Amino acid sequence: MGKVVLVTGVARQLGGRFVRRIQRDPDVDRVVGVDAIPPEHHLGGADFVRADIRQPAIARVLAEHGVDTVVHMDVTGTPLGSGGSRTSVKETNVIGTMQLLGACQKSPTVQRLVVKSSTSVYGSAPRDPAVFTETTSPKSLPSGGFAKDAVEVEGYVRGFARRRPDVAVCVLRFANILGPCADSPLADYFSLPVLPTVFGYDPRLQFVHEDDVVDVLRIASRDPLRGTMNSGTFNIAGDGVLTLSQCSRRLGRPTVPVLLPAVTWVGSALRTVGVTDFSPEQIRLLTHGRVVRTTQMRETLGFEPKYTTAEAFSDFVRSRGAGLLPPEAIGRTVDRLSTLVVSKERI
């Protein structure tokens, strides 16, 4: 008998992609997809079970299918569908994770747990280190939003790992996920015709391509290859960084610098009209940025991303279409201005 893999959050595009991909692995016998609403996309030959992980019934699903590997992807910052809300998202993230971990703790068949987390657990603050490692403590813990949810989720996962040391636990802290099907507050922000920015700040950002997300989840959900270990906590991001100004130029979208005290008001206005979730945590990211080290991803987990940060962003840009300003023209203008500044400094 091969592995029986249960995947949560399959109604989202990323969850559906992972389900379809994991079925092709020769050591996987069956895949069970779980979500509170039926997915609009195909799940291939996977079994779909309509179940809310916030309810104790998830324990019955694990038992009925004899699940040995659980991939928890239903940790997210955006509601699914028009009827979702921030409250329902938080309940799914926190209470849903508690119920799922409780079910895994009681299950005698579960041998491996993979949790999709986020680098947002490090927060974004002015006194942050230039680069976060997996063991770096944040200067200021996230006070709300998805980042706080992720911190709570990881706390529950650590508690589960102590209670069930026989279960291999892997936590993947993803940088901002981008790609043609990206569904996140940051993707919505980059889709605005004009990008509000914080005056005087040009944060460094990292991205990971959704294709790489699927690939690394596969590595985390199977037995480790020789010379690697897929238990523990790992930062996952593409090589390199981009500043916010570089992102805006590549998008061909102009920016509107806003003084920091007024940014919160702008964010509230955007949320009110339903344009994007310009939350306080996103404002902090777009002010101070965040960069993580990925040494353990390569040396311990044995994963090498196919896309750099710049390549992941470029693929996202192609899927969104041209902005108001041609990126080539913006690039030429910036180059000319840089040349003029350098020339004047030499004079």
Side-chain angles (χ1 to χ4, degrees), residues 4-23 28 30-67 69-104 107 110 113-118 120 145-146 148-150 152-153 156-157 172 174 177-188 191 210 213-214 217 221 271 274-277 279 319:
V4 179
V5 182
L6 181 140
V7 184
T8 66
V10 298
R12 296 179 182 273
Q13 289 291 337
L14 195 59
R17 285 193 58 189
F18 175 70
V19 165
R20 292 190 295 271
R21 178 61 188 88
I22 197 70
Q23 291 173 65
V28 173
R30 193 151 45 99
V31 179
V32 181
V34 173
D35 213 310
I37 62 175
E40 296 181 356
H41 44 261
H42 293 293
L43 297 179
D47 300 324
F48 173 70
V49 177
R50 185 171 185 174
D52 191 335
I53 63 172
R54 295 173 293 181
Q55 304 300 323
I58 189 64
R60 187 171 64 250
V61 178
L62 291 177
E64 288 179 354
H65 294 273
V67 173
T69 302
V70 175
V71 181
H72 184 28
M73 297 184 64
D74 209 357
V75 181
T76 182
T78 56
L80 183 62
S82 57
S85 65
R86 168 61 199 154
T87 301
S88 65
V89 169
K90 182 175 180 61
E91 288 178 353
T92 300
N93 289 343
V94 179
I95 298 176
T97 298
M98 291 175 62
Q99 287 286 1
L100 180 65
L101 294 178
C104 290
S107 172
V110 172
L113 170 68
V114 181
V115 178
K116 171 182 167 287
S117 186
S118 167
S120 63
F146 172 63
K148 185 179 180 182
D149 293 354
E152 292 184 30
V153 164
Y156 294 132
V157 172
L172 302 176
F174 291 103
I177 300 172
L178 287 182
C181 299
D183 176 21
S184 68
L186 192 63
D188 292 341
S191 299
E210 54 196 21
V213 173
V214 172
L217 284 168
S221 62
R271 288 197 302 273
V275 175
T276 186
D277 182 16
S279 61
S319 70

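Heavy-atom basis, side chains included; hydrogens, waters and symmetry copies ignored. Just so it is clear, the model here is predicted, and its values are computed rather than measured.
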Would you find a donor on one side and an acceptor on the other, under 3.5 Å apart, between the side chain of [X] and the backbone of [Y]?
X	Y	answer
Arg12	Asp183	no
Thr8	Val34	no
Gln13	Ala182	no
Gln23	Ala46	yes

Next item on the list: For Asp74 and His72, run side chain to side chain contact (heavy atoms under 4.5 Å, CB included): C-alpha distance rounded to whole Å, both residues' side-chain angles, the deciding distance at 0.1 Å, then the answer.
Entry: CA-CA 6 Å; Asp74 209 357; His72 184 28; 3.9 Å; yes
For a quick test of reading the model, state the closest non-hydrogen atom pair linking [X] to [Y] and the distance between them.
X	Y	answer
Ser118	Phe146	CB-CE2, 3.6 Å
Lys116	Val75	NZ-O, 2.9 Å
Val70	Cys104	CG2-SG, 3.9 Å
Leu43	Gly16	CD2-CA, 3.9 Å
Val67	Ser107	O-OG, 4.4 Å
Phe18	Val214	CD1-O, 4.0 Å

Margin query: By the side-chain hydrogen bond (donor to acceptor under 3.5 Å, both in side chains) test, which pairs, at least two apart or in different chains, include something from residues 33-52?
Written below: Asp52-Arg54
What's the separation between atom [atom1] in [X] and atom [atom2] in [Y], rounded to the nearest 0.5 Å?
X	Y	atom1	atom2	value
Leu186	Thr78	CG	OG1	12.0 Å
Leu6	Leu62	CG	CG	5.5 Å
Met73	Leu14	CE	CG	4.0 Å
Tyr156	Thr97	OH	OG1	9.0 Å
Met98	Asn93	CE	CG	13.0 Å
Ile95	Leu100	CD1	CG	13.5 Å

So do [Y] and [X] actually touch side chain to side chain, heavy atoms under 4.5 Å?
X	Y	result
Val7	Val5	yes
Pro180	Glu210	yes
Arg20	Val31	no
Gln99	Gln55	no

Next item on the list: Please assess Val153 against Ser117 for the test side chain to side chain contact (heavy atoms under 4.5 Å, CB included), listing each intermediate value before the final yes or no.
Entry: CA-CA 8 Å; Val153 164; Ser117 186; 5.9 Å; no
Check: Listed by chain and number, what are the salt bridge (charged side-chain N to carboxylate O under 4.0 Å, His left out) partners of Lys90, not counting sequence neighbours?
Finding: Asp149, Glu152
Notebook entry, point to check: Leu172 and Val115: side chain to side chain contact (heavy atoms under 4.5 Å, CB included), yes or no, with the steps?
Noted result: CA-CA 6 Å; Leu172 302 176; Val115 178; over 6 Å; no
